[in-house]
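Worksheet for the structure shown next.
Numbering of ligands and ligand atoms starts at 1, following listing order.
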Amino acid sequence: MTLLAHWLDRQTGDRELASVIATMADAAVEIAEVLRRAPIEGQVGLLGTTNVQGEAQKALDVISNDIVLRHIENNPAISVLVSEELDEPVQLGNQGAFLVATDPLDGSSNLDVNVTVGTIFSVLKAAGGLLQKGTAQVAAGYVAYGPATSLVVRIEGPVAVFTLSAAGEWVQTLEQASVPEASGEFAINTARERFWDEATRGYVRESVAGESGPAGKRYNMRWVGSMVADVHRILMRGGVFLYPLDSETASKGGRLRLLYEANPMAWLVEGAGGASTTGQQGILAVEPTDIHQRVPVILGSVEEVRRVENWYSRG
Ligand code: AHG
Ligand code: MN
Ligand code: MN
């Protein structure tokens with residue numbers, strides 16, 4: 001049985017970098033505990049009123065952020081924190097070599113229906129500054145709080161999967177995730193069809209046409225609405241996730257955030273043999289201009305991402 005600490009020892013000689021991953025994993029254990037108790041403690045909208053639901057979701061976003069911040073403050077290897085929940089980056093006042101960018105609670109609209117949510121994180125060298133391309137990441141990972149609590153993490157090498165045991169230990173349950181090259185599953189919010197561009201319409205039309213269409217095979221659609229859950233499915237069995245630029249999100253650059261959603265997920269998916277694109281360029285090649293910048297996201301099985309790219313190159 002391999003535990004996270006042993007795996008970290010094997011993956012990197014950099015003890016500080018290993019400690020950054022351990023810190024995020026520790027924070028996630030605490031977040032998992034809060035999420036498990038939340039319905040009992042009234043932190044999700046069991047009463048069903050919009051107001052209470054709205055406030056409750058927000059409370060868990062903030063609580064998760066506070067947990068991550070507290071753990072990070074105790075690790076002198078981390079000198080900067082960028083979080084979805086904090087307008088400004090937090091300078092921690094130490095000389096730590098690393099910067100962490102995080103979405104402390106992803107998919108929070110799924111909280112009140114007990115559907116998988118997650119924590120996403122990206123690790124960069126602090127010396128590179130706040131605005132670094134995804135290719136500069138030195139580690140990335142996410143935690144999926146689902147039927148099991150899974151930690152998926154990569155430091156240059158394999159994308160490894162750990163499962164939180166009843167004893168609170170991260171037990172390795174997969175040595176190397178590998179995204180199948182081909183797949184028959186796509187994930188997109190089809191209720192946004194009226195906002196889509198031609199490429200997205202073309203790709204989905206082709207997929208829905210099934211065996212007799214130009215793709216020549218049958219597709220299924222899956223959309224959890226938590227990026228962590230949708231990407232986890234793709235890492236485990238393939239498929240493609242799309243949150244493309246559409247006419248409603250165009251003015252903002254997209255829906256999902258580059259630094260703590262798109263980059264870490266693209267780096268993990270590519271590390272597992274998959275591909276990623278904005279439709280115009282690889283996600284990891286996007287030059288950030290703002291810590292909360294948004295970006296179109298298409299990632300997953302190579303064949304599917306190439307099919308989407310083909311549609312974009314026609315445009
Ligand atoms: P967050 O909860 O951190 O704001 O992120 C939600 C994101 C992402 O998890 C998911 O893929 C997407 O929003 C869902 O969007 P729709 O509401 O369009 O389904
Ligand atoms: Mn999110
Ligand atoms: Mn979030």
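Within Glu261, OE2 is the N, O or S atom that lies nearest to the Mn ion (ligand 2).
Centred on the Mn ion (ligand 3), the angle running from Leu105 (O) to Glu84 (OE1) is recorded as 160°, rounding to 10°.
Residue contact check: Ser108 has heavy atoms under 4.0 Å from atoms 2 (O) of ligand 1. Atoms of ligand 1 found under 4.0 Å from any heavy atom of Leu256, numbered from 1 in the order shown, are 7 (C), 8 (C). Interface of Ser226 with ligand 1, defined as ligand atoms under 4.0 Å from a residue heavy atom, comprises 9 (O).
Counting non-hydrogen atoms of other residues, nucleotides and ligands closer than 6.0 Å to NZ of Lys252 gives a total of 12 or fewer. Counting non-hydrogen atoms of other residues, nucleotides and ligands closer than 6.0 Å to CZ of Arg218 gives a total of 12 or fewer. With a 6.0 Å radius and a threshold of 12 heavy atoms from other residues, nucleotides or ligands, Arg70 has its CZ atom above the threshold. Residue-environment remark: CD (Glu88) stays at or below the threshold of 12 foreign heavy atoms within 6.0 Å.
Note on Gly107: not counted as a metal contact of the Mn ion (ligand 3), no N/O/S atom lying under 2.8 Å. Residue side and main chain included, Glu85 places no N/O/S atom under 2.8 Å of the Mn ion (ligand 3). The nearest N, O or S atom of Asp103 is closer to the Mn ion (ligand 3) than 2.8 Å.
Checked for salt-bridge contact, Arg36 and Glu33 meet the test: a charged N lies under 4.0 Å from a carboxylate O.
Using a distance-only test at 3.5 Å, with no hydrogens or angles considered, no donor-acceptor pair links the side chain of Glu41 to the main chain of Arg37.
Considering each of Met227, Glu84, Arg192, the one bringing a non-hydrogen atom nearest atom 11 (O) of ligand 1 is Met227.
Residue Val228 has no nitrogen or oxygen atom sitting less than 3.5 Å from a nitrogen or oxygen atom of ligand 1, judged on distance alone. Any N or O atom pair closer than 3.5 Å counts here, and Arg255 shares at least one such pair with ligand 1.
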